[in-house]
Amino acid sequence: MSHKILILNGPNLNLLGTREKSLYGQATLADILNELQAYAEAQGIELRSFQSNSEGALVDAIHEARSWADGLVLNAGAYTHYSIALRDAIAGVGLPVVEVHISNVHAREEFRHKSVLAPVCLGVIAGFGRWSYFLGLDALLRHLAEN
Ligand code: DQA
């Protein structure tokens, strides 16, 4: 069975490639999504992606995913650290979610060490630059293959 996955990106990730390059790298979000798309297509996986800077739009995207997706790879940006609304949406839809971060949030400011989303996610991948998305997708696909 071919899986359908949502790659969901939160606030400021539309600025990738121009934003704090020493932390987040040179690749734009479009670069990363194109590479991921090719990677997924080669495996017969259908990827859809969505980015928003608004918490409500991200909550809506998680709700909508319930009707078509098998799971999500989520970089919630700063919302990771305080959005109870996103946490409740993830718990509410019951889809498997892998939380990803480009930077190693544990090597940064203390307020980035806490994720309010992690307890309702399958797991967390952080610190591997744009490869965090690929590792997150792999982890999700392995989980889906076994469940
Ligand atoms: C981030 C880490 C967050 O702390 C930060 O607010 C971001 C990006 C990452 O991918 O490393 O916006 O999620």
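Whatever order the structure lists them in is the order used to number ligands and atoms, beginning at 1. A quick note: this is a predicted structure, and the numbers were derived from the prediction, not measured.
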Legend entry - Residue contacts for ligand 1, heavy atom to ligand atom, distance under 4.0 Å: R19, Y24, N75, G77, A78, H81, H101, I102, S103, V105, R112

Inset, instruction - Any pair with a residue in residues 6-20 that passes salt bridge (Lys or Arg N to Asp or Glu O under 4.0 Å), sequence neighbours left out, goes on the list, sorted by first then second residue, please. - result: none

Legend entry - Distance-only polar pair, side chains of N9 and Y133, donor-acceptor under 3.5 Å: yes

Inset, instruction - Only counting residues at least two apart or in another chain, list the ones meeting salt bridge (charged side-chain N to carboxylate O under 4.0 Å, His left out) with E146. - result: none

Inset, instruction - Carefully, step by step, assess E46 and R48 under the rule salt bridge (charged side-chain N to carboxylate O under 4.0 Å, His left out). - result: CA-CA 7 Å; E46 182 182 332; R48 298 187 201 171; 3.1 Å; yes

Pair up each side-chain donor or acceptor in residues 114-128 with any protein partner under 3.5 Å, not counting sequence neighbours, and list the distances.
from, atom 1, to, atom 2, distance (Å)
S115, OG, E99, OE1, 2.8
S115, OG, E99, OE2, 3.2
S115, OG, L117, N, 3.1
S115, OG, A118, N, 2.9

Inset, instruction - For residues F50 and A57, report the shortest heavy-atom separation together with the two atoms involved. - result: CE2-O, 3.8 Å

